[in-house]
Trainee: 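This structure is in structure tokens; I'll ask about it shortly.
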2 protein chains.
Amino acid sequence: MASLLLSRRDLDFLLHEWLDVESLTARPRFADHSRETFDAVLDLSETIAARHFAPHNKKNDAQEPRFDGERVHIIPEVEEALKVFAGAGLIGGGMDHEVGGMQLPSVVANACFAWFQAANVGTAAYPFLTIGNANLLLAHGTPGQIDTYVRPMVEGRFSGTMCLSEPQAGSSLADVRTRAEQADDGTYRLFGNKMWISGGDHELTENIVHLVLARIPGGPPGVKGLSLFIVPKVLVEADGTLGERNDVALAGLNHKMGYRGTTNTLLNFGEGAFRPGGTPGAVGFLVGEPHHGLSYMFHMMNEARIGVGLGATALGYTGYLHALDYARTRPQGRPLMARDATIPQIPIVGHPDVRRMLLAQKSYVEGALALILYCGRLLDDERTAPTADERASAGLLLDMLTPIAKSWPSQWCLEANNLAIQVHGGYGYTREYNVEQFYRDNRLNPIHEGTHGVHGLDLLGRKVVMDGGAGLRLLIETVSMTTARAVAAEGQVAGFGRQLDASVARVAAVTRRLWEAGDAETALANASVYLESVGHVVVAWMWLEQMLAAGGRGGAFYEGKRRAGQYFFRYELPRTEAQFALLESLDRTTLDMPADCF
Amino acid sequence: MASLLLSRRDLDFLLHEWLDVESLTARPRFADHSRETFDAVLDLSETIAARHFAPHNKKNDAQEPRFDGERVHIIPEVEEALKVFAGAGLIGGGMDHEVGGMQLPSVVANACFAWFQAANVGTAAYPFLTIGNANLLLAHGTPGQIDTYVRPMVEGRFSGTMCLSEPQAGSSLADVRTRAEQADDGTYRLFGNKMWISGGDHELTENIVHLVLARIPGGPPGVKGLSLFIVPKVLVEADGTLGERNDVALAGLNHKMGYRGTTNTLLNFGEGAFRPGGTPGAVGFLVGEPHHGLSYMFHMMNEARIGVGLGATALGYTGYLHALDYARTRPQGRPLMARDATIPQIPIVGHPDVRRMLLAQKSYVEGALALILYCGRLLDDERTAPTADERASAGLLLDMLTPIAKSWPSQWCLEANNLAIQVHGGYGYTREYNVEQFYRDNRLNPIHEGTHGVHGLDLLGRKVVMDGGAGLRLLIETVSMTTARAVAAEGQVAGFGRQLDASVARVAAVTRRLWEAGDAETALANASVYLESVGHVVVAWMWLEQMLAAGGRGGAFYEGKRRAGQYFFRYELPRTEAQFALLESLDRTTLDMPADCF
């Protein structure tokens, strides 16, 4: 039986038949690679995910991490899985050879990581955070910081976290209060509480490298006064051996609806649980310049946002494959028009409504996967395309797409999980089956790494207006190149190309209308609706791209792509018109609602 | 602080200012009642729900019922709560004085029951099932059966279940296999397995009265060969005392994502765990005529479907009130246009996107509650309206609305719970808060009592074509009476009235188009889309009714009704146009999708 995690056939289609990832090997950074090395690491990822991650996914949900006041207890399978993952070199998949990485293109590294998120998102979150942390330090740390912290992370001996939120400061990082006071030796001492820290405590690795946003006293208020610090759980001696325990203490675990395998913590810094060097405070090491912490953190966050989109996609994808498998094997009912109760039952995939739910899932998860891999390809181009213009253009388009790549899969691949439960009927609602966990796990994704609403404001309030609207123009031009190819190809895709042209024109007109009115409050009041409508247009574009890549080729796989694309253009894209009309009306219903009238 | 369960102010508005429930007291059946008795039983319900049901809602989720192979263990708070509920006479709330009931109108009894579903849907499910069971026997049982089984249920000594599904027969009742063989004494012996039986085993009551669908050998195949039996867990002697254990054995509990407080069971009938009278089989007593079992069961199911819609609504409603409370008290961020990070944070209800999520929830849960209470009022009219015409007309409209009353709240009040989590941010995703449980609990509702897809087929395939389309015509006429009032009232409601007129005309045109094509397969292919679009039109009608009832009256409550109605007409009703266009196109995407192309 084929894997119920992801479809390797689909990955191969997207990577090779569509994105032509092999062409990246012509660039110096990827010159050591080939289709064969890409295939090998994808094979390896699938195998490790299936053998070492998937088997304990349910167990880690049912027996979630537990804090006894001293230690965090985690089922042993997690540590074993992480050792295999690190041992295969996957933490450094996308990193430089120099630090022990494989120097894979991002698009391939993302495809590899999706297997682990599909198999066990709770366990996969530990390396997910470690990779983001290491990449930030590779970009902004000193050579000494890279040697001390990144190399052990690549080897799997250390893990990493990102410590932004506090109990009173979640979406509002301007309100971060954690304080960092400079000591005589040039290091800092941190005091404060950090909330929602995933992987914030455990004994899965020898050490945990916290990246912490804090304020150096005297700095500006708001986000412009935030600096970034490395705060290791255990201090590292000059020779790399572990020294004293730093004053980072676990105050408690959060107990979540899903994603239970990942510890999520409240951490106290500098509250005196430990006293490194005999002085108060958690020892921290400044990353880069003071007061530039948030811009460094955005390096990690932009990457993490694509990663959240990928995780949402992976959960949606495995849920879809589970639902499909169930639908093909569960007999129930008879063809709609059959009135004879004595003929045998048919598998439920034979019922149009079940096919509708499967097509919806397929269109969501394959559309989302295409978008995420496309973003990975853009990141590779931003870093390695031959000309500066190409690099800048890829970076600009990636900036535009990032809020959508985070939010759209978080919304619609969660809906895919909802439909996967529905296809299973009562069985899907039980913990004896897998899909209810996917749904619970996936529900986190619209919340972390910027809520849905925050990304709406990012897209409409920042991204579409930056550089005089250059990002939006580029997006529209890029989509238009696809629609022009579709129209030229004639047949069914030509019609969809014209449909998408009309939708893109609506995006342009609606955006203009929102901002031309000169009232930012009204323009932004429905930013989430804008995000959702543009997201649907972007994913329709991804489907047109896939239909063009499939062309008229025969076989069930290509036919499936064309049918799912047709579903998206007929059932999904038309949803946007009501959203555009609302936006165009400059509706103030939400703005004008008095708080006491609820 | 006001209750976070439901809004009594809203209930009073719906019952008295809109539905004029007091006028029912002019009818003989309700002559003993008055506004005061209605108020008293609503007060009592709120008090008992808050004091005895709500406090163990989380505990019953965390410590779900457990089967040790012999007995089912349930936290003691459940039995205590049920004793208080029964002791207050609430099981018989809507039943005749003659059997110990209060003879309340259904609309009032439903409003009372909503408090318990909002407080603790898992515990409330036991009396929910018992009431449905008792009502079925009151309608179709013999006087002896009523004495033996219904009276002890009303007193709270017995509880009831409905046993329809089997492992191989969920949506497809035609495939029920449980066999009922007649014994020499005229009773039956049952053999078979029943799946998904809520309340199927426990020790909360002295006895459990199972209502079981089974086949008497020699009967017709399919649903026309199903008969209905009373199969008590413990046999009842002629004098009402408990006798031998019947051969109904618990094979296991299902472990659900939510709704964990309610045992959900696989039951074996006649497998020899017990041998009543020394002979094989579970002793059963025929209800009504052989082979008419399904029609009797529909009596219970139609009532249960409204009850499922009510439960979905209650969960959505309490989630909304929790989210509102959180939004008013949680400071985070600053007004959109404020750039000064030193001013204090504002409560998140000040952010337009949070207000959007609250307005959406308000429009879903108050719209759903209006619909369910309206259906309760129709049931009262069907039973007690002065003329036969009025009774028939109420029954016909109720028939039309039942699939919507079940499905629409199950979809949109679940979405309300989704938004309640989102308003809470990370906190909402933790089990330390309440809203994640509401979301898990509510996810059951689109599955049981007929899946979403089954109700789509019921509405489009049965209800709109029955009696030559009489039901649909009546619905349209009834809605048109409301829109005519709205247009006559002028002002904002007049515009909404015209908008709804247009939507209703679309429903009529689309329905005609679907059936005029003469291709039932194509017509029914998108029955779920039809259900959803008509559902939105019906709830828009409910909002127009509420806006008319609020009129121009001053005060935050009425203003809130007008604003939430405005939200529904501007943000929600326009969604339907894309659905109507799809339906009108007689789209065959789902029908034509080959099963091997997924």
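We name chains A, B, ... by the order of the sequence lines, and we start the count at 1 in each one.
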Trainee: Show your working on salt bridge (Lys or Arg N to Asp or Glu O under 4.0 Å) between B:Asp596 and A:Arg328 and close with a plain yes or no.
Mentor: CA-CA 9 Å; B:Asp596 68 339; A:Arg328 283 178 169 157; over 6 Å; no
Trainee: Between B:Asp592 and A:Arg355 (salt bridge meaning N to carboxylate O under 4.0 Å), is one present in this structure?
Mentor: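 Salt bridge absent between B:Asp592 and A:Arg355.
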Trainee: So which of A:Leu591, A:Asn254, A:Leu321 has the biggest tally of heavy-atom pairs under 4.5 Å with chain B?
Mentor: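 Ranked by contacts with chain B, first place is A:Leu591.
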Trainee: Tell me if a side-chain donor or acceptor on B:Arg563 pairs with a main-chain N or O of A:Cys597 at a distance below 3.5 Å.
Mentor: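 Judged by distance alone, no pair lies under 3.5 Å.
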Trainee: Taking it one step at a time, do B:Val435 and B:Tyr326 satisfy side-chain contact (heavy atoms from CB on, under 4.5 Å)?
Mentor: CA-CA 11 Å; B:Val435 286; B:Tyr326 185 81; over 6 Å; no
Trainee: Any ion pair linking A:Asp441 and A:Lys256 (charged N to carboxylate O, less than 4.0 Å)?
Mentor: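 Not counted as a salt bridge, because no side-chain N and carboxylate O are separated by less than 4.0 Å.
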Trainee: By a 4.5 Å heavy-atom criterion (distance strictly below it), what part of A:Leu358 contacts chain B: side chain, backbone, both, or neither?
Mentor: both
Trainee: Could you check whether the rings of B:Tyr427 and B:Tyr433 sit parallel, tilted or perpendicular, using 30° and 60° as the cut-offs?
Mentor: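 Answer is tilted, since the angle falls between 30° and 60°.
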Trainee: Answer with side chain, backbone, both or neither: which region of A:Pro446 has an atom nearer than 4.5 Å to a non-hydrogen atom of chain B?
Mentor: both
Trainee: Where does A:Thr589 contact chain B at under 4.5 Å (heavy atoms): side chain, backbone, both or neither?
Mentor: both
Trainee: Donor-acceptor pair, distance only, cut-off 3.5 Å: does the side chain of B:Gln345 make one with the backbone of A:Ser172?
Mentor: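 No: the side chain of B:Gln345 does not pair with the backbone of A:Ser172.
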Trainee: Applying side-chain contact (heavy atoms from CB on, under 4.5 Å), run through A:Tyr439 and B:Tyr439 and close with a yes or a no.
Mentor: CA-CA 11 Å; A:Tyr439 180 64; B:Tyr439 181 64; 3.0 Å; yes
Trainee: B:Ala525, B:Gly461, B:Gly258, B:Pro331: which one forms the most heavy-atom pairs within less than 4.5 Å of chain A?
Mentor: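 The residue among B:Ala525, B:Gly461, B:Gly258, B:Pro331 with the greatest pair count is B:Gly258.
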Trainee: Please classify the contact of B:His351 with chain A as side chain, backbone, both or neither, using a heavy-atom distance under 4.5 Å.
Mentor: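 Contact with chain A is absent: no heavy atom of B:His351 under 4.5 Å.
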Trainee: Please determine, by modelled atom types, if B:Asp519 and B:Thr522 share a side-chain donor-acceptor pair under 3.5 angstrom.
Mentor: yes
Trainee: Side chain from CB out, backbone as N, CA, C, O: work out which of these in A:Pro167 comes under 4.5 Å of a heavy atom of chain B, or both, or neither.
Mentor: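 Both backbone and side chain of A:Pro167 come within 4.5 Å of chain B.
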Trainee: Quick check on the interface: out of A:Gly333, A:Gly453, A:Ala174, A:Ser528, who has the most heavy-atom pairs with chain B under 4.5 Å?
Mentor: A:Ser528
Trainee: Test side-chain contact (heavy atoms from CB on, under 4.5 Å) on A:Arg215 and A:Leu226 and set out the steps.
Mentor: CA-CA 5 Å; A:Arg215 291 185 186 283; A:Leu226 295 174; 3.9 Å; yes
Trainee: Under 4.5 Å from any heavy atom of chain A, what part of B:Asn418 do you find: side chain, backbone, both or neither?
Mentor: both
Trainee: Between A:Leu253 and chain B, which part of the residue has a heavy atom less than 4.5 Å away: side chain, backbone, both or neither?
Mentor: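 For A:Leu253, the contact with chain B is made by the backbone alone.
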Trainee: Is the backbone N or O of A:Val529 less than 3.5 Å from a side-chain atom of A:Asn526, with the two atoms forming a donor-acceptor pair by type?
Mentor: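 A pair under 3.5 Å: no.
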Trainee: When heavy-atom pairs shorter than 4.5 Å are enumerated against chain A, which of B:Gly426, B:Ala327, B:Ala520, B:Gly456 gives the highest number?
Mentor: B:Gly426
Trainee: Using non-hydrogen atoms and a 4.5 Å limit, figure out which bit of B:Gln437 sits close to chain A: side chain, backbone, both or neither.
Mentor: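 Contact with chain A is absent: no heavy atom of B:Gln437 under 4.5 Å.
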Trainee: Under a 4.5 Å heavy-atom cut-off, does chain B meet the side chain of A:Phe557, its backbone, both or neither?
Mentor: neither
Trainee: Between B:Glu521, B:Arg570, B:Arg562, B:Lys561, who has the most heavy-atom pairs with chain A when the cutoff is under 4.5 Å?
Mentor: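 The residue among B:Glu521, B:Arg570, B:Arg562, B:Lys561 with the greatest pair count is B:Arg570.
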Trainee: Using heavy-atom distances under 4.5 Å, tell me whether A:Leu414 contacts chain B through its side chain, its backbone, both, or neither.
Mentor: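 Contact with chain B: side chain only.
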Trainee: Output yes when B:Arg440 and B:Asp61 qualify as a salt bridge under the 4.0 Å nitrogen-oxygen rule, no when they do not.
Mentor: yes
Trainee: Do side-chain atoms of A:Glu572 reach the backbone of A:His536 as a donor and acceptor pair under 3.5 angstrom?
Mentor: no
Trainee: Could you tell me which of A:Gln566, A:His448, A:Glu432, A:Glu577 has the largest number of non-hydrogen atom pairs under 4.5 Å with chain B?
Mentor: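 Looking at each of A:Gln566, A:His448, A:Glu432, A:Glu577 in turn, A:Glu432 comes out on top.
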Trainee: Of the backbone (N, CA, C, O) and the side chain (C-beta and beyond), which part of B:Leu336 lies under 4.5 Å from a heavy atom of chain A, both, or neither?
Mentor: side chain
Trainee: With a 4.5 angstrom heavy-atom cut-off, which part of A:Arg9 approaches chain B: side chain, backbone, both or neither?
Mentor: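 The answer is neither part of A:Arg9.
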Trainee: Side chain, backbone, both or neither: which part of A:Glu436 has a heavy atom under 4.5 Å from chain B?
Mentor: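 For A:Glu436, backbone and side chain are both near chain B.
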Trainee: With only heavy atoms counted, which part of B:Leu457 is less than 4.5 Å from chain A, the side chain, the backbone, both or neither?
Mentor: side chain
Trainee: For chain A, find which of B:Val349, B:Asp353, B:Leu359 contributes the most heavy-atom pairs closer than 4.5 angstrom.
Mentor: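 Most heavy-atom pairs within the cutoff with chain A belong to B:Leu359.
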Trainee: Between A:Arg588, A:Arg260, A:Arg575, A:Met195, which shows the greatest number of heavy-atom pairs under 4.5 Å with chain B?
Mentor: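 Winner by heavy-atom pair count: A:Arg260.
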Trainee: What part of A:Leu582 lies closer than 4.5 angstrom to a heavy atom of chain B: side chain, backbone, both or neither?
Mentor: side chain
Trainee: Looking at A:Met593, A:Lys362, A:Glu559, which makes the most heavy-atom pairs under 4.5 Å with chain B?
Mentor: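 When all of A:Met593, A:Lys362, A:Glu559 are compared, A:Met593 has the most.
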Trainee: Before giving the answer on side-chain contact (heavy atoms from CB on, under 4.5 Å), spell out for A:Gln422 and B:Thr451 the whole-Å C-alpha distance, their side-chain angles and the decisive distance to 0.1 Å.
Mentor: CA-CA 8 Å; A:Gln422 195 67 21; B:Thr451 63; 3.8 Å; yes
Trainee: Among the options A:His452, A:Lys224, A:Arg334, pick out the one with the most heavy-atom pairs lying under 4.5 Å from chain B.
Mentor: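 Most heavy-atom pairs under 4.5 Å with chain B: A:Arg334.
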Trainee: Quick one, A:Tyr571 with B:Asp587, criterion side chain to side chain donor-acceptor pair (under 3.5 Å). Give me CA distance, side-chain angles, the key distance, then yes/no.
Mentor: CA-CA 9 Å; A:Tyr571 285 68; B:Asp587 186 88; 3.3 Å; yes
Trainee: Could you tell me whether the side chain of A:Gln332 and the main chain of B:Gln168 form a donor-acceptor pair under 3.5 Å?
Mentor: yes
Trainee: Heavy-atom cut-off 4.5 Å, strictly under: side chain, backbone, both or neither for A:Gln579 against chain B?
Mentor: neither
Trainee: I need the residue from B:Arg330, B:Met357, B:His424 with the largest number of non-hydrogen atom pairs under 4.5 Å to chain A.
Mentor: B:Arg330
Trainee: Would you mind checking which part of B:His255 comes under 4.5 Å of any heavy atom in chain A, side chain (CB onward), backbone (N, CA, C, O), both or neither?
Mentor: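 Backbone plus side chain of B:His255, per the 4.5 Å heavy-atom cut-off to chain A.
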